[in-house]
Amino acid sequence: QVQLVESGGGLVQAGGSLRLSCAASGRTFSTYGMGWFCQAPGKEREFVAAISWRSSGSTYYADSVKGRFTISRDNAKNTVYLQMNSLKAEDTAVYYCAALKPYYSGNYYSSGEYAYWGQGTQVTVSS
């Protein structure tokens with residue numbers, strides 16, 4: 001079991017930046033692949049970015065954020081980050097941190113693959 005808590009959301013102007021953090025409990029954080037998803041009102045939850053459980057940290061991104069967002073992890077701090085640059089109004093959503101099962105490498109793009117979820121943090125981008 002792992003508990004996830006997101007933070008860092010807020011209100012920013014278009015073109016601005018935010019860094020989201022996801023703090024995880026447990027002693028085996030490094031064995032969990034991690035992902036970020038977002039959900040806007042009236043829309044399905046969508047994949048944003050993911051990073052593998054391996055120390056090398058293979059990364060994956062939705063086409064809509066590639067080149068603007070960067071996912072990273074600090075296993076010593078049990079934390080995964082989402083650096084969001086060049087924000088657009090279309091990025092406005094609740095952002096959720098999620099974790100896969102230990103050592104599991106499935107379909108990072110599918111929300112159904114993730115075993116654990118945080119409560120979400122609101123990101124609002126004004127145009």
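These numbers were taken from a predicted model, which means no experiment stands behind them. Side chains included, hydrogens not; waters and symmetry mates left out as well; all remaining heavy atoms used.
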> Output yes when a side-chain donor or acceptor of Thr92 lies under 3.5 Å from a complementary backbone atom of Val125, and no otherwise.
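Yes, because the side chain of Thr92 sits within donor-acceptor range (under 3.5 Å) of the backbone of Val125.
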> Would a single hydrophobic cluster contain both Tyr116 and Trp36, if residues Ile, Leu, Val, Met, Phe, Trp and Tyr are joined by side-chain heavy-atom contacts under 4.5 Å?
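Yes; Tyr116 is reachable from Trp36 via cluster members.
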> Taking all non-hydrogen atoms of both residues into account, name the closest pair between Ala93 and Ala40 and its distance.
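Shortest heavy-atom separation between Ala93 and Ala40 comes out as CB-N, 3.9 Å.
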> Consider only side-chain heavy atoms of I, L, V, M, F, W and Y, link residues closer than 4.5 Å, and tell whether Leu82 and Val65 are in one cluster.
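Yes, Leu82 and Val65 fall within the same hydrophobic cluster.
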> For the pair Ser110 (side chain) and Asn107 (backbone), establish whether a donor and an acceptor sit closer than 3.5 Å, ignoring hydrogens and angles.
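No; judged by distance alone, with no hydrogens or angles, the pair does not exist.
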> First locate atom CD of Gln119, then atom SG of Cys97, and finally report the distance between them rounded to the nearest 0.5 Å.
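Reported value, rounded in 0.5 Å steps: 9.0 Å.
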> If we ignore hydrogens and angles and just use 3.5 Å, is the side chain of Glu6 paired with the main-chain N or O of Gly120 as donor and acceptor?
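Yes, because the side chain of Glu6 sits within donor-acceptor range (under 3.5 Å) of the backbone of Gly120.
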> What verdict does the side-chain contact (heavy atoms from CB on, under 4.5 Å) test give for Leu4 and Tyr96, after you've listed the backbone C-alpha separation in whole Å, the side-chain angles of each residue and the deciding distance to 0.1 Å?
CA-CA 9 Å; Leu4 306 173; Tyr96 296 90; over 6 Å; no
> Could you state the interatomic distance from CZ (Arg73) to OG1 (Thr59), rounded to the nearest 0.5 Å?
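Nearest 0.5 Å value for the CZ-OG1 distance: 12.0 Å.
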> Are the side chain of Asn78 and the backbone of Ala24 linked by a donor-acceptor contact shorter than 3.5 Å?
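Between the backbone of Ala24 and the side chain of Asn78 there is a qualifying donor-acceptor contact (under 3.5 Å).
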> Checking ring-ring contact (aromatic ring centres under 6.0 Å, His included) for the pair Phe37/Tyr114: CA distance, chi angles, key distance, verdict?
CA-CA 11 Å; Phe37 290 77; Tyr114 292 79; 5.0 Å; yes
> Taking CD in Gln3 as the centre, count heavy atoms belonging to other residues, nucleotides or ligands within less than 6.0 Å. Is the count above 12?
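No, the 6.0 Å shell around CD holds no more than 12 heavy atoms from other groups.
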> Rounded to the nearest 0.5 Å, what's the gap from CD on Glu46 to CD on Gln39? Could you check?
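That separation rounds to 9.0 Å.
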> Could you measure the distance from the OG atom of Ser126 to the CG atom of Leu87? Nearest 0.5 Å is fine.
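Nearest 0.5 Å value for the OG-CG distance: 10.0 Å.
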> Do Ser52 side-chain atoms and Ser58 backbone N/O form a donor-acceptor pair below 3.5 Å?
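Yes; at least one donor-acceptor contact below 3.5 Å.
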> If hydrophobic clusters are built by linking Ile, Leu, Val, Met, Phe, Trp and Tyr wherever their side-chain heavy atoms come under 4.5 Å apart, do Leu18 and Tyr81 end up in the same one?
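In one cluster with Leu18: Tyr81, no.
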> Linking I/L/V/M/F/W/Y whenever any side-chain heavy atoms sit under 4.5 Å apart, do Tyr109 and Met34 land together?
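In one cluster with Tyr109: Met34, no.
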> Would you say the side chain of Asp91 lies within less than 4.5 Å of the side chain of Phe69, judging by non-hydrogen atoms?
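Counting from C-beta outward, Phe69 and Asp91 do come under 4.5 Å.
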> Step by step, work out the side-chain contact (heavy atoms from CB on, under 4.5 Å) result for Arg45 and Trp117.
CA-CA 12 Å; Arg45 189 167 298 187; Trp117 293 85; 3.3 Å; yes
> Shortest non-hydrogen contact from Ser17 to Gln83?
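In terms of heavy atoms, the two residues are closest at CB-NE2, 4.0 Å.
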> To the nearest 0.5 Å, what is the distance between OG1 (Thr79) and CG (Leu20)?
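Rounded to the nearest 0.5 Å, the OG1-CG separation comes out at 12.5 Å.
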> Distance to the ring centre below 6.0 angstrom and angle to the axis at most 45 degrees; does that hold for Arg68 and Tyr61?
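No cation-pi geometry.
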> Applying the 4.5 Å side-chain criterion to the ILVMFWY set and letting contacts propagate, would Val80 and Val2 be lumped into a single cluster?
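Yes.
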> Quick one, Leu100 with Tyr108, criterion side-chain contact (heavy atoms from CB on, under 4.5 Å). Give me CA distance, side-chain angles, the key distance, then yes/no.
CA-CA 9 Å; Leu100 296 163; Tyr108 286 96; 3.4 Å; yes
> Taking the six-membered ring for Trp and the full ring for Phe, Tyr or His, determine whether the centres of Trp53 and Tyr103 are under 6.0 Å apart.
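Yes, close enough.
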